[in-house]
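See below for the structure under consideration.
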Number of protein chains: 2
Amino acid sequence: MKLSTKFTMALHLMIAVDYFSNQKITSDFLAGSINTNPVVVRRLLSQLKAANLVEVVRGTGGVKITQPLDTITFLDIYNAVEKPELFHFHDHPNLECPVGSHIHELLDQRLADVQKAMEDKLQTMTLADLTTDLSHMV
Amino acid sequence: MKLSTKFTMALHLMIAVDYFSNQKITSDFLAGSINTNPVVVRRLLSQLKAANLVEVVRGTGGVKITQPLDTITFLDIYNAVEKPELFHFHDHPNLECPVGSHIHELLDQRLADVQKAMEDKLQTMTLADLTTDLSHMV
DNA sequence: TTTTGATGTAACTATTGATGTTACGACATA
DNA sequence: TATGTCGTAACATCAATAGTTACATCAAAA
């Protein structure tokens with residue numbers, strides 16, 4: 001099973017908000033760039049707002065990024081829109097079985113370490129890296 | 001969105017196959033340890049078999065691991081049962097938009113690097129690590 | 001040869017989460 | 001007050017997982 005598209009959509013959103021920061025940015029406008037429904041955008045913005053990454057102006061519309069781009073990492077975006085646990089344990093191992101009764105003890109820390117490796121890598125990448133690259137492309 | 005439980009179930013399977021290797025191991029027996037349906041086990045074994053990690057004896061039953069435990073990594077198990085791509089890109093970014101038209105160029109390599117970091121970590125862990133730990137627990 | 005017990009797999013159901021959509025109240029400004 | 005926007009509920013749709021039943025196939029023992 002793959003992760004959801006929320007992470008890449010959220011990254012797309014943030015880049016677009018920065019790129020078009022000289023104009024007023026509405027959820028309709030952003031939906032046009034991602035090619036999705038404005039409500040999907042609003043839900044993502046709502047999560048990014050809860051993570052203190054953006055401010056959304058109610059009523060008149062408009063989105064602003066609240067922190068310097070080089071301090072916003074991929075991990076910040078990821079955590080804002082995805083579940084905290086990457087791996088999904090099967091629910092009811094048989095505790096009567098010597099393997100089933102120790103399976104969590106065997107795996108939990110290792111799975112956490114793998115997730116940590118992914119998170120560490122996500123943390124090395126910032127939105128500033130993207131906007132720098134983009135400025136050389138357009 | 002979390003990954004599926006197939007990965008942890010597959011790890012559970014492999015450990016159990018090793019732990020009970022002195023007896024004949026059926027999908028019914030393994031299903032009892034994981035607490036799931038035998039068909040779920042057979043489907044997982046089928047994928048592990050396709051990855052050359054186990055042999056399953058048809059007709060009379062029985063499962064054997066085909067390689068030394070210290071050469072079978074978490075990554076081998078992961079690749080046997082999960083999709084090759086971890087991240088899931090949103091389908092149709094607007095190519096008329098300067099952000100939409102460059103979003104893949106901006107993200108593809110970076111997402112691949114993150115996945116690589118996860119895979120590298122998965123590759124440092126082997127089934128032998130688990131059986132060694134388990135032998136100290138029971 | 002027949003019986004037994006197992007695998008392989010198709011087909012179906014149920015559940016979950018993501019994604020898309022409509023609708024509408026709340027809000028800020030002109 | 002009118003307009004355009006956000007926030008969010010409600011619902012529809014879709015895809016994948018996970019579970020289940022059923023049955024053909026197979027290998028070995030009786």
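Protein chains get the first letters and strands the later ones, always in sequence-line order, with residue 1 at the start of each.
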Review point. On DNA chain C, nearest-nucleotide positions of A:Thr36 versus B:Arg43: which is more 5'?
Key: B:Arg43

Exercise for review: Measure the acute angle between the ring planes of B:Phe7 and B:Phe74, then classify it against the limits of 30° and 60° as parallel, tilted or perpendicular.
Suggested key: perpendicular

Could I get a table of every N or O pair under 3.5 Å where one atom is in the protein and the other is in nucleotides 23-27 of chain D?
| residue | atom | partner | partner atom | Å |
| --- | --- | --- | --- | --- |
| D:dT25 | O2 | B:Arg58 | NH2 | 3.2 |

**Study point:** Touch class at under 4.0 angstrom, heavy-atom based, for B:Val39 against every strand present
**Key:** base

Point to revise | Atom-to-atom span, CG of A:Leu48 to P of D:dC6 - whole angstrom | key: 14 Å

Check your understanding: Base, sugar-phosphate alone, or nothing: which one does B:Lys2 contact when heavy atoms must sit under 4.0 Å apart?
Key -> nothing

Review point. In whole angstrom, what separates B:Gln47's CD from D:dA18's P?
Key: 11 Å

Check your understanding: Do A:Asp133 and B:Arg110 sit within salt-bridge range, that is, some charged N less than 4.0 Å from a carboxylate O?
Key -> yes

Check your understanding: Between A:Phe29 and A:Phe20, how do the two ring planes meet: parallel, tilted or perpendicular, split at 30° and 60°?
Key -> perpendicular

**Study point:** Short side-chain to backbone donor-acceptor contact, A:Glu55 and A:Ile65, under 3.5 Å
**Key:** no

Review point. Side chains of B:Glu119 and B:Gln123: donor-acceptor distance under 3.5 Å anywhere?
Key: no

Exercise for review: Begin from the C-alpha positions of B:Glu82 and B:Ser4 and carry the test side chain to side chain donor-acceptor pair (under 3.5 Å) through to its verdict.
Suggested key: CA-CA 8 Å; B:Glu82 286 286 0; B:Ser4 76; 2.7 Å; yes

Practice item. Starting at atom CG of A:Leu44, determine the distance to atom P of D:dT8, rounded to an integer number of angstrom. Key: 14 Å

Review point. Is the closest basic N to carboxylate O distance between A:Asp18 and A:Lys64 below 4.0 Å?
Key: no

Review point. How do A:His88 and A:Lys49 order along DNA chain D: which one's closest nucleotide is nearer the 5' end?
Key: A:Lys49

Revision key, fill the gap. Separation of D:dG4 atom C1' from A:Asp28 atom CG, nearest Å, is 10 Å

Practice item. Find the distance B:Ile34:CD1 to D:dT17:C1' and express it as a whole number of Å. Key: 15 Å

Point to revise | Range on DNA chain C touched by chain B, heavy atoms, distance below 4.0 Å | key: C:dG5 to C:dA18

Exercise for review: Compute whether any side-chain donor of one residue and acceptor of the other, for B:Thr132 and B:Asp129, lie under 3.5 angstrom apart.
Suggested key: no

Exercise for review: Pick out which of A:Ile34, A:Thr8, A:Leu53 makes a side-chain contact (heavy atoms from CB on, under 4.5 Å) with A:Leu13.
Suggested key: A:Ile34

Practice item. Rounded off to whole Å, could you give me the CG-to-C1' distance for the A:Leu45 and D:dT5 pair? Key: 12 Å

Check your understanding: When the distance from CD of B:Glu82 to C1' of D:dA16 is rounded to whole Å, what number comes out?
Key -> 11 Å

